[in-house]
2 protein chains.
Amino acid sequence: MPAPKYLTIKQYLFNEIASGRWTEHHKVPSENQLATQFSVSRMTARRALQELTEEGALVRTKGLGSFVASFKNQSSLLKVKNIVDEIELRGMKHSCELVTLEKRSSNPEVSVALSLPLESPVFFAALIHYQDRQPIQLEARYVNARLVPNFIEQDFTKITPHEYLAKTLPLTEAEHVVEAVLADRQVLHYLKLNPPQACLQLTRRSWSSLGVVSFTQLTHPGQHYRMGSQARFGD
Amino acid sequence: MPAPKYLTIKQYLFNEIASGRWTEHHKVPSENQLATQFSVSRMTARRALQELTEEGALVRTKGLGSFVASFKNQSSLLKVKNIVDEIELRGMKHSCELVTLEKRSSNPEVSVALSLPLESPVFFAALIHYQDRQPIQLEARYVNARLVPNFIEQDFTKITPHEYLAKTLPLTEAEHVVEAVLADRQVLHYLKLNPPQACLQLTRRSWSSLGVVSFTQLTHPGQHYRMGSQARFGD
DNA sequence: GAGTGGTCTAGACCACCCC
DNA sequence: GGGTGGTCTAGACCACTCG
């Protein structure tokens, strides 16, 4: 029982994208080209393209062709948590203050999160996101310095760290954990809150094909932030 | 430009399920039966079944047939938050204590949440869920009494309210909001906590085809509860 | 008009399940 | 063996985009 042909094609396309050889908006081969190239019928080639489209890796337009999707739109979960989009959706202005941006050596916790040896080079960034003038998120982020060597040279008041990463390399996977925590001294200070304050804390790890890229803690004051989601059954 | 044939078939199947005429585990027509019934090729009938399967409405087994999926497994979001499964997944024992179960008249907040006129009949249930002997979730639930008239007669130490609802009528849609809150006096008391305590609060509304069925607040102590999720790119 | 994706057909072979 | 879903083919017509 050999692997299905459509899967072979799908994996070929996926590898081209995950490896970074085809980046955002790259035009991928048409159904007919793939059918010829892999000696299959058009319907079989089509299935590979179709499934990758449903999974968010490709965008297809009638009469135009199939293209690698924007990395920032890959995952609905990632999208849900893009704070800039959310704030602008509410018609408010997003701004960002850089608190820290420096090179560090990974401590045990960070090493585990990034799957790196102890004392590996990592970048650490701390930022405060504002909605209009109100602080709404504290972002503490560790980045694998080997995978994204230019991270530390960016101006994160102009582009958010997540946007920079998504622009720079193909993020292929993400893991999220959400929990409620009491704000500690630092959080109270940066978000200008009075104790006791419950905060929603989102911990995210994101991957590229080469490994864990980034480990991030996003902390929001509970009464100012809600994460919503809708699940629908059928069409 | 007439509607695609596969969509017509898909909508037909969906209506049978959403209306409740076909319930959990009901065997749906085979690819060949649908092809004959709708005068289309097998590939077209197949597409309707296939898409409903990807959307979680059907389960298909080679050699056996296609069946209406368990309502409790319809949505990954719903599944994530099924506390019984989560506790048992951890190898611990779930139990449940009924605090309140009574008929009420909807106040403004509940009326809005359930899309009902003021002073409509609703049922209210309050329960504490335990993981082994530790309280881990406070559930406060309002149910539209007209849609689920027998709700109040159930024994919720044997079946959870969500299980009962999912068993009784087809839940077609759900909306979730998660936020961090400080535990109030009542929550501290029922979950046996000391102030100040940050809690993760999940607010859920679930629909059937006839309207909003239920409006629920689930409160968990922050340090004992995490909601995880993974997003993957491609296969 | 040439190329693209969207839909559809009427066949085919296979692995699987149940009788 | 008969029915089921899983894969695959070699065609077809259409609507769309672009040059």
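Heavy-atom basis, side chains included; hydrogens, waters and symmetry copies ignored. Throughout, a chain's letter reflects where its sequence line sits, starting with A, and its residues are numbered from 1.
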Does a nitrogen or oxygen in the side chain of Q50(B) sit under 4.0 Å from OP1 or OP2 of dG5(D)?
no
Please check: side-chain N/O of T168(A) versus main-chain N/O of Y164(A), any donor-acceptor pairing under 3.5 Å? yes
Nearest-nucleotide check on DNA chain D, G63(A) vs N32(B); residue mapping nearer the 5' end is N32(B)
Side-chain donor-acceptor pair under 3.5 Å between R141(A) and S214(A), yes or no?
yes
When rounded to whole Å, the CG to C1' distance for the pair L64(B) and dG6(D) reads 15 Å
Listed pairs, N/O of protein and of nucleotides 7-9 of chain D, under 3.5 Å:
{"residue": "dT7(D)", "atom": "OP1", "partner": "Y6(A)", "partner atom": "OH", "Å": "3.1"}
{"residue": "dT7(D)", "atom": "OP2", "partner": "R47(A)", "partner atom": "NH1", "Å": "2.9"}
{"residue": "dT7(D)", "atom": "OP2", "partner": "R47(A)", "partner atom": "NH2", "Å": "2.9"}
{"residue": "dC8(D)", "atom": "OP1", "partner": "K5(A)", "partner atom": "N", "Å": "2.4"}
{"residue": "dC8(D)", "atom": "OP2", "partner": "K5(A)", "partner atom": "N", "Å": "3.4"}
{"residue": "dC8(D)", "atom": "OP2", "partner": "Y6(A)", "partner atom": "N", "Å": "3.4"}
{"residue": "dT9(D)", "atom": "OP1", "partner": "K5(A)", "partner atom": "NZ", "Å": "3.1"}
{"residue": "dT9(D)", "atom": "OP2", "partner": "S41(A)", "partner atom": "N", "Å": "2.8"}
{"residue": "dT9(D)", "atom": "OP2", "partner": "S41(A)", "partner atom": "OG", "Å": "3.0"}
{"residue": "dT9(D)", "atom": "OP2", "partner": "T44(A)", "partner atom": "OG1", "Å": "2.6"}

- Output, in order, the C-alpha distance, side-chain angles, deciding distance and verdict of side-chain hydrogen bond (donor to acceptor under 3.5 Å, both in side chains) for R204(A) and Q217(A). CA-CA 7 Å; R204(A) 169 162 61 196; Q217(A) 280 199 334; over 6 Å; no
Inset, instruction - Tell me whether the centres of the aromatic rings in F156(B) and F151(B) are closer together than 6.0 Å. - result: yes
Between the OG atom in S95(A) and the CD atom in Q134(A), the distance rounded to the nearest 0.5 Å is 11.5 Å
Atom CG of L34(A) and atom P of dG5(C) are separated, to the nearest Å, by 9 Å
When rounded to whole Å, the CG to C1' distance for the pair L58(A) and dT4(C) reads 15 Å
Taken to the nearest whole Å, CD/Q33(A) to P/dA2(C) is 17 Å
Q. Does NZ or CZ of R47(A) fall inside the cone over Y6(A)'s six-membered ring, less than 6.0 Å from its centre and within 45° of the axis?
A. yes
Here the distance between atom C1' of dG3(D) and atom CZ of F67(B), to the nearest Å, is 12 Å
K62(B) atom NZ is separated from dG2(D) atom C1', nearest whole Å, by 17 Å
query = So, is T61(A) near the phosphate of dG5(C), with a side-chain N or O under 4.0 Å from OP1 or OP2?
reply = no
To the nearest angstrom, the CZ-P distance between R60(B) and dC16(C) comes to 17 Å
